[in-house]
Participant: 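This is the structure I want to talk about, given as structure tokens.
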Amino acid sequence: MASKKFSTLILAAGKGSRMKSDLPKVLHKACGESLLFFVMRAAKTAGTSSIITVLGFGRELVEKEIESEPTASAVYQPEQKGTGNAVEVALSSLPDGPILIVNGDGPLIQKETIQKMLDSHFSSSADLTLGVAHVSNPFGYGRVITKDNQLLRIVEEKDATNEERKISLINGGIYLVNKNYLQKTIPNLKPSKVSGEIYLTDIVAMGASAGAKLQYCELDFTDLLGVNDLLQLSQVEEILRKRILETHQKNGVRIENPSTVWIEAGVECGIGTKIEQSVSLKGRTRIAANCTIGTGSVIYNSELSDEVEVLPYCVIDRATILTKAVLGPYARIRPETKILKSAKIGNFVEIKKTTIGEGSKVNHLSYVGDAQIGSGVNIGCGFVACNYDGFQKHITQIDDGAFIGSGVEAVAPIQIGKNSYVATGSTLTKNVPEDALAIARTKQENKEGYAPKIKSRLNTKKAKG
Ligand code: UD1
Ligand code: CA
């Protein structure tokens with residue numbers, strides 16, 4: 001079989017007025033990524049040599065989105081006169097050979113969908129292969145008119161007669177067309193008499209009357225679903241969500257109660273990892289092998305090495321957690337935090353912009369912000385790194401092997417030396433040298449037999465009101 005070299009043209013200029021939003025339609029997100037991301041990913045994994053995107057409404061924003069894709073470039077459609085006009089503005093930028101044209105608002109397209117189209121197109125040497133589907137409710141889609149299985153034309157919903165609207169074969173908005181066929185047809189497109197739009201779909205009727213070799217390829221309707229309003233966006237997103245979970249499950253990730261779990265498209269997850277129910281994994285989070293993510297935890301853009309254990313209800317944001325660390329339950333790990341190997345962060349602990357050294361523990365009710373904590377450090381219950389004076393943030397440094405008793409406040413900037421020992425209840429305002437014992441609290445005074453006296457005095461006061 002001939003080589004299946006092809007380029008991809010994505011039509012993404014439309015505003016999508018039915019989305020009732022100022023965001024360009026293709027930048028609406030499903031499962032954490034833009035609609036355009038999914039279309040570009042499908043084209044790329046199917047082996048496209050290049051991606052050309054037609055941009056219009058909100059062009060600068062969409063350009064930013066395609067910047068991350070090195071094979072993608074953009075052309076500009078100044079006025080959204082219709083899909084035919086979108087192809088016209090791109091025509092001179094298209095390489096020779098087969099062009100896959102796809103709508104940017106169809107994020108469910110998959111590598112396999114494109115491969116099926118390619119197989120069909122290349123094996124029959126067609127000029128044009130149209131992706132179609134039989135559907136029970138064709139409302140809104142272009143209807144495909146055939147005779148004896150030959151493609152004749154496509155009629156848009158708004159232009160169709162009542163009879164034509166009953167046709168259940170729809171245009172999926174996916175085309176494989178040879179560049180020279182586009183050169184022959186596109187410049188001759190005329191606006192629709194009904195809507196005034198220039199329809200790409202009219203290249204089918206043109207080719208049919210000129211005797212071109214046209215064919216259609218039946219695809220799974222699910223892969224063709226277009227997003228035209230916010231309801232369709234959430235329907236498509238639910239399909240994407242299930243697909244993402246299935247991919248992880250097939251790759252060896254155990255997911256408890258999948259209907260409650262949210263994993264975005266950019267998340268990676270290693271073999272043997274267990275995701276408990278009601279977990280959200282977002283952004284570009286990377287979780288390695290054999291981790292556990294406990295019930296109700298939410299992780300954004302973070303990186304977890306092997307065998308990390310996240311107990312229930314933790315929130316982790318832009319942090320790095322190294323192997324065998326244990327977090328939670330109820331820990332909050334904020335941006336720029338690094339938790340090193342085998343460290344333990346317990347319940348109701350907040351860590352921000354801090355490195356916690358290997359094997360160190362902050363087990364209960366503490367705030368550690370802007371700090372450098374060495375290895376083997378033990379921080380007792382209720383520690384506070386007083387990092388902010390109302391104007392600036394200051395650093396707390398606690399060196400290897402230090403022991404910090406419960407209820408300690410460290411007023412930063414401060415350094416607590418190696419293997420030092422800080423007594424419970426201390427408020428530290430100056431550095432603690434290596435191996436020193438620091439006690440910074442007032443001495444206790446006991447007044448023997450004084451409790452009944454104070455109680456009766458207070459009782460009398462209460463009785464008087
Ligand atoms: C289009 C097809 C319809 C098909 C359906 C499948 C046409 C005329 N109709 O209809 O037959 O069943 O897709 O989902 O093609 N766009 C531009 N520039 C424009 C207009 C649109 O780039 O001037 C882009 C849009 O941003 C969108 C895509 O083209 O990503 C499709 O446009 P849309 O208006 O959504 O077409 P549909 O009415 O869905
Ligand atoms: Ca559409």
Side-chain angles (χ1 to χ4, degrees), residues 8-19 21 23-28 34-40 52-59 61-62 65-66 74-91 101-109 113 128 130-135 137-145 151 153-160 164-165 167-175 177 185-186 189-206 216 219 221-233 235-236:
T8 302
L9 176 64
I10 304 178
L11 309 184
K15 176 172 195 263
S17 49
R18 282 166 59 196
M19 304 292 281
S21 153
L23 197 64
K25 187 193 212 179
V26 295
L27 291 191
H28 281 266
S34 69
L35 301 181
L36 188 57
F37 164 92
F38 292 102
V39 180
M40 291 199 295
I52 294 104
T53 323
V54 183
L55 309 185
F57 179 79
R59 167 195 187 182
L61 290 173
V62 189
E65 178 72 0
I66 63 171
V75 293
Y76 180 52
Q77 185 190 21
E79 254 184 281
Q80 280 72 71
K81 295 184 193 163
T83 48
N85 179 249
V87 177
E88 193 171 4
V89 300
L91 205 52
I101 305 179
V102 283
N103 289 346
D105 64 355
L108 293 174
I109 183 174
T113 330
L128 176 147
L130 178 74
V132 302
H134 276 288
V135 300
N137 177 13
F139 179 79
Y141 289 89
R143 309 299 202 282
V144 180
I145 319 265
L151 270 183
R153 63 194 172 90
I154 298 171
V155 59
E156 292 304 303
E157 172 85 34
K158 41 198 168 205
D159 300 24
E164 286 167 337
R165 287 197 181 119
I167 294 169
S168 64
L169 192 66
I170 61 103
N171 167 25
I174 301 179
Y175 319 75
V177 205
T185 52
I186 293 286
L189 289 174
K190 301 273 175 308
S192 151
K193 291 198 181 75
V194 180
S195 66
E197 279 177 51
I198 302 171
Y199 296 148
L200 168 62
T201 44
D202 286 346
I203 63 171
V204 171
M206 276 182 189
Y216 57 90
L219 301 169
F221 180 48
T222 307
D223 296 350
L224 306 177
L225 286 171
V227 174
N228 299 305
D229 57 34
L230 294 176
L231 175 64
Q232 286 174 336
L233 179 65
Q235 289 162 343
V236 158

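What you see below is based on every heavy atom in this structure, not just the backbone, and it leaves out hydrogens, waters and symmetry mates. Throughout, numbering of the chain's residues begins at 1 and tracks the sequence. Order of appearance sets the numbers: ligands from 1, and atoms from 1 within every ligand. Everything quoted here is computed from the prediction, not taken from an experiment.
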Participant: To the nearest 0.5 Å, what is the distance between CG (Leu231) and CE (Met19)?
Facilitator: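 Reported to 0.5 Å precision, the distance equals 10.5 Å.
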
Participant: Pull out every atom of ligand 1 sitting under 4.0 Å from any heavy atom of Lys81, numbered as shown with elements.
Facilitator: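 What qualifies from ligand 1 is 23 (O).
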
Participant: To the nearest 0.5 Å, what is the distance between CG (Asp202) and CD (Glu197)?
Facilitator: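 Between Asp202 CG and Glu197 CD, I get 10.5 Å after rounding to 0.5 Å.
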
Participant: Could any protein non-hydrogen atom be found less than 4.0 Å from atom 34 (O) of ligand 1?
Facilitator: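 When distances to the protein are checked, atom 34 (O) of ligand 1 has no heavy atom within 4.0 Å.
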
Participant: Hey, are the side chains of Thr201 and Tyr175 touching, using non-hydrogen atoms and a 4.5 Å cut-off?
Facilitator: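 Counting from C-beta outward, Thr201 and Tyr175 do come under 4.5 Å.
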
Participant: For Gly82 and ligand 1, answer yes if some heavy atom of the residue is under 4.0 Å from a ligand atom, otherwise no.
Facilitator: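 Gly82: in contact with ligand 1 (<4.0 Å).
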
Participant: Just verifying a value: how many Å separate Asn85 CG and Leu91 CG, rounded to the nearest 0.5 Å?
Facilitator: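 These two atoms lie 11.5 Å from each other.
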
Participant: For atom 12 (O) of ligand 1, what is the nearest protein heavy atom, given as residue, atom name and distance?
Facilitator: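 Here the closest protein heavy atom is Asn171 O, 2.6 Å.
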
Participant: Step by step, work out the side chain to side chain contact (heavy atoms under 4.5 Å, CB included) result for Leu11 and Leu200.
Facilitator: CA-CA 11 Å; Leu11 309 184; Leu200 168 62; 4.1 Å; yes

Participant: For Gly140, is at least one N or O under 3.5 Å away from an N or O on ligand 1?
Facilitator: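 In fact, backbone or side chain, Gly140 has no N or O that close.
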
Participant: Mind checking whether Glu164 and Asp159 have side chains closer than 4.5 Å, heavy atoms only?
Facilitator: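 No, too far: nothing below the 4.5 Å cut-off.
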
Participant: Do you know which of Thr8, Val26, Ile10 makes side chain to side chain contact (heavy atoms under 4.5 Å, CB included) with Val39?
Facilitator: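 Output: one option passes, namely Ile10.
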
Participant: Starting from atom 30 (O) of ligand 1, which protein heavy atom do you reach first, and at what distance in Å?
Facilitator: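 For this ligand atom, the closest protein heavy atom is Leu11 O, 2.8 Å.
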
Participant: Among all protein heavy atoms in this structure, tell me which lies nearest to atom 16 (N) of ligand 1, with the distance rounded to 0.1 Å.
Facilitator: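 Looking only at protein heavy atoms, the one closest to atom 16 (N) of ligand 1 is Gly14 N, 4.0 Å.
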
Participant: Report yes if Gln77 has an N/O atom closer than 3.5 Å to an N/O atom of ligand 1; otherwise report no.
Facilitator: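 Yes: some nitrogen or oxygen of Gln77 is under 3.5 Å from one in ligand 1.
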
Participant: Measure the CG-OG1 distance between Leu189 and Thr83 for me, rounded to the nearest 0.5 Å.
Facilitator: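 So the gap between those two atoms works out to 8.5 Å.
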
Participant: Looking only at non-hydrogen atoms, find the nearest pair between Pro107 and Val227 and report the distance.
Facilitator: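 Heavy atoms only, the tightest pair is CD-CG2, 4.0 Å.
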
Participant: Can you report which non-hydrogen protein atom sits closest to atom 10 (O) of ligand 1, along with the distance?
Facilitator: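 Among all protein heavy atoms, the one nearest atom 10 (O) of ligand 1 is Glu156 OE1, 3.9 Å.
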
Participant: Near Lys25, which atoms of ligand 1 are under 4.0 Å from a heavy atom of that residue?
Facilitator: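 The atoms of ligand 1 under 4.0 Å from a heavy atom of Lys25 are 35 (O).
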
Participant: Could you list which atoms of ligand 1 come closer than 4.0 Å to a heavy atom of Gly142?
Facilitator: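 Ligand 1 atoms under the 4.0 Å threshold to Gly142: 3 (C), 4 (C), 11 (O), 12 (O).
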
Participant: Can an N or O of Gly226 be found at a distance shorter than 3.5 Å from an N or O of ligand 1?
Facilitator: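 No, no N or O pair falls under 3.5 Å.
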
Participant: Measure across Ile170 and Arg143 and return the closest heavy-atom pair with its distance rounded to 0.1 Å.
Facilitator: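 Smallest heavy-atom distance, with atoms named: CG2-CD, 4.3 Å.
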
Participant: Would you please determine whether Thr201 falls within less than 4.0 Å of ligand 1 on a heavy-atom basis?
Facilitator: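 Thr201 counts as a contact of ligand 1 under the 4.0 Å cut-off.
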
Participant: Looking at every non-hydrogen atom in both residues, tell me the closest pair between Phe38 and Ser34 and how far apart they are.
Facilitator: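 Smallest interatomic distance, heavy atoms only, reads CD1-O, 3.2 Å.
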
Participant: Please identify which atoms of ligand 1 are closer than 4.0 Å to at least one heavy atom of Ala86.
Facilitator: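 What qualifies from ligand 1 is 17 (C), 18 (N), 22 (O).
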
Participant: Calculate, to the nearest 0.5 Å, the distance between atoms NZ and CG belonging to Lys25 and Leu23 respectively.
Facilitator: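 If I round to the nearest 0.5 Å, the distance is 12.5 Å.
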
Participant: Can a protein heavy atom be found under 4.0 Å away from atom 38 (O) of ligand 1?
Facilitator: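 No.
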
Participant: Does Val54 reach ligand 1 with a nitrogen or oxygen that is under 3.5 Å from one of the ligand's nitrogen or oxygen atoms?
Facilitator: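 In fact, backbone or side chain, Val54 has no N or O that close.
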
Participant: Return yes or no for this condition: an N or O of Glu79 is under 3.5 Å from an N or O of ligand 1.
Facilitator: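 Between Glu79 and ligand 1, no N or O pair is found under 3.5 Å apart.
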
Participant: Does an N or O from Thr83, backbone or side chain, lie closer than 3.5 Å to an N or O of ligand 1?
Facilitator: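 Such a contact does occur with ligand 1.
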
Participant: How far is atom 14 (O) of ligand 1 from its nearest protein heavy atom, and which residue and atom name does that atom have?
Facilitator: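 So the nearest neighbour among protein heavy atoms is Asn103 ND2, 3.6 Å.
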
Participant: Atom CG of Leu35 and atom CG of Asn103: how far apart are they, to the nearest 0.5 Å?
Facilitator: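 If I round to the nearest 0.5 Å, the distance is 11.5 Å.
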
Participant: With atoms numbered from 1 as shown, which atoms in ligand 1 lie under 4.0 angstrom from a non-hydrogen atom of Asn228?
Facilitator: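 In order of number, 35 (O), 39 (O).
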
Participant: How open is the angle at the Ca ion (ligand 2) from atom OD1 of Asn228 over to atom OD2 of Asp105, rounded to 10 degrees?
Facilitator: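 OD1 of Asn228, the Ca ion (ligand 2) and OD2 of Asp105 span an angle of about 90°.
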
Participant: Using heavy atoms and a 4.0 Å limit, tell me yes or no: is Ala12 in contact with ligand 1?
Facilitator: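 Ala12 counts as a contact of ligand 1 under the 4.0 Å cut-off.
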
Participant: Among Leu151, Ile154, Val155, exactly one meets side chain to side chain contact (heavy atoms under 4.5 Å, CB included) together with Ile145. Which residue is that?
Facilitator: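 The side chain to side chain contact (heavy atoms under 4.5 Å, CB included) with Ile145 is passed solely by Val155 among Leu151, Ile154, Val155.
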
Participant: Which protein non-hydrogen atom lies closest to atom 22 (O) of ligand 1, naming both residue and atom, and how far is it?
Facilitator: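 The closest one turns out to be Ala13 N, 2.8 Å.
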
